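This report refers to the structure that appears directly beneath it.
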Amino acid sequence: MPVVPLTAHTFQRRLLSWFDAHGRKHLPWQQHKTPYRVWISEIMLQQTQVGTVIPYFQHFIQRFPDVLSLAKAPLDDVLHLWAGLGYYSRARNLHQAAVMIAEQYQGRFPDTKDTLQTLPGIGRSTAGAILALAFEQPGIILDGNVKRVLARLHGLTQPINDKTTEQTLWALAENYTPVIRAADYTQAMMDLGATVCTRSKPACLTCPFLKNCTAYHHHLTACIPQKRPAKKIPTQEATFLILKRGRHVLLCKRPTQGIWGGLYCLPEIAGLADSHTVIQYCQQQFKLLVSEPKALNSFRHTFSHYHLQIHPIMVQTKKAPTKLMESTQQIWYNLSKPLAIGLPKPIQTILEALR
DNA sequence: GAGCCGTGGGT
DNA sequence: TACCCAAGGCT
């Protein structure tokens, strides 16, 4: 039994019919749809699951309901609402893009592909998504969902991240993208990938393209998309210093580049530091005399490209904070009155335990 | 262009 | 446990 061929027009018609019956239409960013809300959701959804994004989206929109409110806000406020979501360059880029829209486009959201792609954080696929979802233009998306659907439909067994495979997929995505109902089509492709053509255990028997799917007919569904060779990630160790003065804890702002860029963190000593090293460090870095350090339970935090074994160690000081020591780079964080700043997830957890 | 950039859920 | 990877983009 051969695979039934499919024209672009038939694909569109059947996908849209499926969407009308089974698509998602009640996600928060689909209500009161504006380019701004679509943009925020698309950035949050980069490499992040829908269920994780929803509460962040609600809080973010409540605090920054439009581009101008976002542009006017301090970056620390933005990072505060982003804290825990990860990939913090997204938040920094979002803020910078909001400033650009306010200053260069008079607060009017850009509506062309090329202009959108000049904004930091918006690449080819996100630009296509915004065009389609917010402006009903035939923007082309190629995210993980679309790649999986198209690769299976066409039986592409090559590694999904190959350059040539990528080009093939963009061409296929363009071929299928309709001129009308661009928003529904785009949402439908993502919904099909997210709810039917899932990575594991796809619901092929409910798929509108069952008869047309090369992967299904050749029993290749489980092999497509082919997973890239897994690279093992290294483990690093660091000592995180919990430097307490009464109800205050010392936090340092991290540099913009690198992990947790722009967020506030506990002072960090590379490797596993012993008591003597910690006392010496406090004296040299902060001019503080501290009590005998007390090591807390070590735990592991995993990033996208390495593990970090964290060794928290607590010390106390009685010295009053000086004006010299308080700066935007270095703050005494009041455990009883949390500031609106960005804190990495493991730091949130540690501070929470101290409350 | 390959490495960098977070976190949580699924298996 | 360990590994995969999710509505990617930037350098």
Side-chain angles (χ1 to χ4, degrees), chain A residues 23-24 27-30 37-57 79 82-94 96-97 116-134 139-149 159-163 166 169-170 173 183 186-195 197-202 222 225-236 254-263 265 300-308 342-349:
Chain A
R24 292 177 292 187
L27 295 169
W29 40 90
Q30 295 175 311
R37 290 167 64 92
V38 169
W39 172 49
I40 300 298
S41 70
E42 284 303 318
I43 301 300
M44 285 189 171
L45 286 161
Q46 288 172 359
Q47 301 290 282
T48 311
Q49 297 177 166
V50 168
T52 302
V53 165
I54 287 175
Y56 282 89
F57 178 83
L79 289 172
W82 205 272
L85 199 52
Y87 285 131
Y88 298 99
S89 65
R90 293 184 297 175
R92 299 194 302 271
N93 287 334
L94 208 58
Q96 190 189 332
L116 284 169
Q117 283 193 233
T118 66
L119 297 173
I122 299 181
R124 186 174 176 182
S125 185
T126 301
I130 294 174
L131 274 185
L133 296 173
I140 303 162
I141 61 165
L142 190 63
D143 59 12
N145 287 312
V146 179
K147 283 180 184 174
R148 190 169 55 252
V149 169
I160 202 79
N161 52 333
D162 274 8
K163 194 181 175 184
E166 188 97 356
L169 287 168
W170 272 110
T186 299
Q187 188 62 47
M189 284 296 279
M190 295 189 283
D191 288 356
L192 188 69
T195 65
C197 195
T198 51
R199 186 171 59 85
S200 60
K201 299 183 196 171
Q226 189 179 85
K227 48 188 170 185
R228 40 181 129 177
K231 48 188 173 184
K232 288 187 70 174
I233 63 179
T235 297
Q236 291 185 27
R254 299 186 63 92
T256 305
Q257 314 131 304
I259 207 80
W260 294 337
L263 277 68
C265 191
R300 192 171 77 161
H301 182 75
T302 299
F303 296 107
S304 49
H305 52 300
Y306 66 95
H307 303 292
L308 184 63
L343 296 170
K345 197 62 184 177
I347 306 303
Q348 286 181 36
T349 305

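Convention: sequence-line order gives letters A, B, ...; per-chain numbering from 1. The model shown is predicted, which means the values in this text are computed figures rather than measured ones.
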To the nearest angstrom, the CD1-P distance between A:Ile43 and C:dG9 comes to 8 Å
Whether the side chain of A:Arg148 and the base of C:dA7 hold a donor-acceptor pair under 3.5 Å is what I'd like checked. no
Interatomic distance, A:Asn93 CG vs C:dG8 C1' [rounded to whole Å]: 12 Å
For B:dT11 versus C:dA7, give the span between their P atoms, rounded off to a whole number of Å. 14 Å
Separation of A:Arg124 atom CZ from C:dG8 atom C1', in whole Å? 13 Å
At 4.0 Å (heavy atoms only), tell me whether A:Trp29 reaches a base, stays on the sugar-phosphate, or touches nothing. base
Is the shortest side-chain heavy-atom distance between A:Tyr87 and A:Asn93 below 4.5 Å? no
Expressed as a whole number of angstroms, how long is the span from A:Gln226:CD to C:dC5:P? 11 Å
Between atom CG in A:Leu45 and atom C1' in C:dG8, what is the gap in whole Å? 11 Å
Will you find, in the side chains of A:Arg148 and A:Asn145, an N or O donor that is under 3.5 Å from an N or O acceptor? yes
Exam field: side chain A:Arg254 to backbone A:Ile259, donor-acceptor pair closer than 3.5 Å: yes
A:His301 and A:Phe303 aromatic ring geometry - parallel, tilted or perpendicular at 30°/60° bounds: perpendicular
Can you tell me the distance, in whole Å, between the CD1 atom of A:Ile54 and the C1' atom of C:dA7? 13 Å
For A:Ser125, what residues pass the side chain to side chain contact (heavy atoms under 4.5 Å, CB included) criterion, not counting sequence neighbours? A:Ile141, A:Asp143, A:Trp170
Assess the side chains of A:Arg24 and A:Thr195: does a donor N or O sit below 3.5 Å from an acceptor N or O? no
Send over the distance from A:Asn161 CG to B:dA2 P, rounded to a whole Å. 9 Å
Residues which pass ring pair (Phe, Tyr, Trp, His ring centres under 6.0 Å) with A:Tyr56, listed by chain and number, not counting sequence neighbours: none
Earlier contact from the 5' end, DNA chain C, for A:Glu42 and A:Pro120: A:Glu42
Contact class for A:Val50 (heavy atom, under 4.0 Å): base, sugar-phosphate, or nothing? base
Using the P atom as the point on both nucleotides, what is the distance between B:dG6 and C:dT1, in whole Å? 24 Å
A:Ser125 side-chain N/O to C:dG9 phosphate OP1/OP2 under 4.0 Å: no
C:dA6 versus B:dG1 - spacing of their C1' atoms, nearest Å: 23 Å
Are the side chains of A:Leu169 and A:Val146 in touch, meaning some heavy atoms are under 4.5 Å apart? no
Assign A:Gln117 to base, sugar-phosphate, or nothing according to its heavy-atom contacts below 4.0 angstrom with the strands shown. nothing
With nearest nucleotide decided by heavy atoms, which residue, A:Met190 or A:Gly121, maps closer to the 5′ end of DNA chain C? A:Met190
Let me have a per-nucleotide readout for nucleotides 4-11 of chain B, 5' to 3', with B, S or -, counting only protein heavy atoms under 4.0 Å. SBBBSS-S
Rounded to whole angstrom units, what separation is found between the CG atom of A:Leu27 and the P atom of C:dA6? 18 Å
